[in-house]
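The next block holds one structure in the form of structure tokens; read it before the comments.
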Amino acid sequence: MRRPMVAGNWKMHGSEAANGALLSELELRLQPEWPIDVVVFPPFVYLAEVARRLRGTSIAIGAQDVCAEPGGAFTGEVAATMLKDVGCAQVIVGHSERRRWYHEDDALVARKFGAALSGDLTPVLCIGETLEEREANRTEEVVARQLGAVLAMHGVAAFERAIVAYEPVWAIGTGRNASPEQAQAVHDFVRRRLAEQDARIAAATRILYGGSVKASNAGELFAMPDVDGGLVGGASLVADEFYEICAAAAARH
Ligand code: PEP
């Protein structure tokens with residue numbers, strides 16, 4: 001059985017005071033015995049402090065991005081080994097905001113995926129289509145291409161240590177989530193693509209849904225058989241919302 005997961009992508013939000021207030025509430029309310037993984041992804045500058053604070057709790061920490069290179073003369077970049085060093089367990093690669101605003105293409109995302117694995121971090125690979133692509137009936141083609149770039153570079157075995165997040169671009173930060181049926185259809189497609197190469201790995205790979213997940217829709221999304229939890233942006237900054245989303249994931253099985 002795949003363990004449900006809720007990931008909170010703080011994006012470029014937060015401050016020492018706001019992070020402290022949010023984490024205090026979550027630490028108080030989240031139940032450590034819930035059979036789920038909860039991971040928060042603060043901006044780089046707060047990682048070390050948040051990791052220190054969360055040590056010994058049931059909440060893990062990840063980064064929102066990683067350099068594709070292992071280290072060296074790459075001003076402004078952060079290596080996977082550094083993320084590991086300060087306590088990260090996971091890293092998001094290929095978020096649509098990185099693809100869109102920083103022109104990260106499939107090949108670079110695949111290299112970042114590999115850098116994460118080499119640094120002993122679990123990559124959370126984001127894939128998903130734009131509204132234009134969905135309306136042109138190209139959703140499967142797009143997610144197959146994005147997933148395929150990683151499969152081609154690292155092989156299906158790499159997914160034993162990875163998480164996939166299906167995030168339709170049109171649903172991110174828009175308040176308009178994919179319907180549970182739309183999400184399930186793509187998650188099923190992704191799992192079948194993995195199964196073409198290895199059925200056991202496909203069955204074990206966690207596929208999260210991301211795109212305007214909130215307390216009010218988490219239950220119905222997580223009730224879908226191939227939706228193993230959520231990658232949550234805006235609602236992860238609101239303690240009540242994030243708590244309810246985690247509770248919905250805990251109730252999944
Ligand atoms: C995200 O940041 O990956 C995301 C899904 O954002 P939101 O939940 O705000 O749509």
Side-chain angles (χ1 to χ4, degrees), residues 1-11 13 21-42 54 57-62 90 92 95-96 122 124-129 131 134 139 143 162-192 194 202-253:
M1 186 46 78
R2 296 180 297 272
R3 187 174 163 92
M5 173 173 154
V6 179
N9 175 16
W10 293 2
K11 310 199 192 204
H13 295 293
L22 176 61
L23 292 171
S24 295
E25 266 216 65
L26 293 179
E27 283 163 39
L28 265 180
R29 298 186 63 193
L30 290 177
Q31 313 284 310
E33 65 276 11
W34 279 350
I36 60 172
D37 291 330
V38 178
V39 190
V40 294
F41 294 80
L54 291 178
T57 75
S58 61
I59 307 172
I61 183 168
Q90 302 190 354
I92 296 171
H95 192 281
S96 66
T122 299
V124 179
L125 170 67
C126 295
I127 58 176
E129 81 288 0
L131 185 58
R134 174 162 282 264
T139 298
V143 298
I163 293 163
V164 178
Y166 168 56
E167 296 211 306
V169 180
W170 49 272
I172 298 177
T174 59
R176 177 184 167 196
N177 60 287
S179 70
E181 294 73 23
Q182 285 173 321
Q184 169 58 27
V186 180
H187 285 225
D188 174 62
F189 174 75
V190 169
R191 204 177 299 289
R192 281 188 285 113
L194 293 172
T205 300
R206 289 187 288 185
I207 307 176
L208 311 181
Y209 166 77
S212 299
V213 175
K214 13 186 196 299
S216 59
N217 60 24
E220 59 183 20
L221 284 160
F222 300 166
M224 294 290 117
D226 288 292
V227 178
D228 303 311
L231 176 50
V232 184
S236 72
L237 298 165
V238 182
D240 276 352
E241 283 281 318
F242 195 63
Y243 167 81
E244 294 293 345
I245 293 166
C246 292
R252 183 169 189 265
H253 293 297

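Note that the coordinates shown come from a computational prediction; the quantities given were computed from them, not determined experimentally.
The backbone N or O of Ala202 lies less than 3.5 Å from a partner atom in the side chain of Arg191, making a donor-acceptor pair. For Gln182 (side chain) and Pro180 (main-chain N/O), no donor-acceptor pair under 3.5 Å exists by modelled atom type. In this structure a side-chain-to-backbone donor-acceptor pair under 3.5 Å is present from Arg252 to Pro225.
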Side chain to side chain contact (heavy atoms under 4.5 Å, CB included) evaluation trace for Phe41 with Gln90: CA-CA 9 Å; Phe41 294 80; Gln90 302 190 354; 3.5 Å; yes

Side chain to side chain contact (heavy atoms under 4.5 Å, CB included) between Arg2 and Asp226, worked out: CA-CA 10 Å; Arg2 296 180 297 272; Asp226 288 292; 3.9 Å; yes

Steps toward side chain to side chain contact (heavy atoms under 4.5 Å, CB included) verdict (Val40, Leu54): CA-CA 10 Å; Val40 294; Leu54 291 178; 3.8 Å; yes

His95 vs Val124, side chain to side chain contact (heavy atoms under 4.5 Å, CB included): CA-CA, chis, key distance, verdict: CA-CA 9 Å; His95 192 281; Val124 179; over 6 Å; no

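Across all their heavy atoms, Ile245 and Val232 have their closest contact at CD1-CG1, 3.9 Å. Residues Cys246 and Ile36 approach most closely at O-CD1, 3.5 Å, considering heavy atoms. Residue Glu27 comes nearest to Thr57 through the heavy atom pair CG-CG2, 4.3 Å, listed as atom of the first residue, atom of the second, then distance. Taking every heavy atom of both residues into account, Leu30 and Pro32 meet most closely at O-CD, 3.3 Å. When all heavy atoms are compared, the tightest approach of Pro35 to Pro4 is O-CD, 3.4 Å. The heavy-atom pair separating Val39 from Gly62 by the smallest distance is CG1-N, 3.8 Å.
Going from atom CD1 of Ile163 over to atom CG of Leu125 covers 10.5 Å, rounded to the nearest 0.5 Å. Taken from CD1 in Ile172 to OG in Ser96, the straight-line distance is 3.0 Å, to the nearest 0.5 Å. Rounded to the nearest 0.5 angstrom, Lys11 NZ and Leu237 CG are separated by 9.0 Å.
No side-chain heavy atom of Ile92 sits under 4.5 Å from any side-chain heavy atom of Glu167. Considering only heavy atoms from C-beta on, Asp240 comes within 4.5 Å of Glu25 through its side chain. Proximity of Arg206 to Asp37: side-chain heavy atoms (C-beta onward) are separated by under 4.5 Å at one or more points. Residues Leu22 and Phe242 fail the side-chain proximity criterion, which asks for heavy atoms closer than 4.5 Å.
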Side-chain polar contacts of residues 210-221 - donor-acceptor pairs under 3.5 angstrom, sequence neighbours left out - could you list them?
residue	atom	partner	partner atom	Å
Ser212	OG	Ala171	O	2.7
Ser212	OG	Gly175	N	2.8
Ser212	OG	Arg176	N	3.4
Lys214	NZ	Gly175	O	3.3
Lys214	NZ	Ser212	O	3.4
Asn217	OD1	Lys214	N	2.8
Asn217	ND2	Asn177	OD1	3.3
Asn217	ND2	Ser212	O	2.9

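Looking at Glu129 and Tyr166, their side chains do bring a donor and an acceptor atom within 3.5 Å of each other.
Judged as a ring pair (Phe, Tyr, Trp, His ring centres under 6.0 Å), not a single pair has a partner in residues 208-238 (not counting sequence neighbours).
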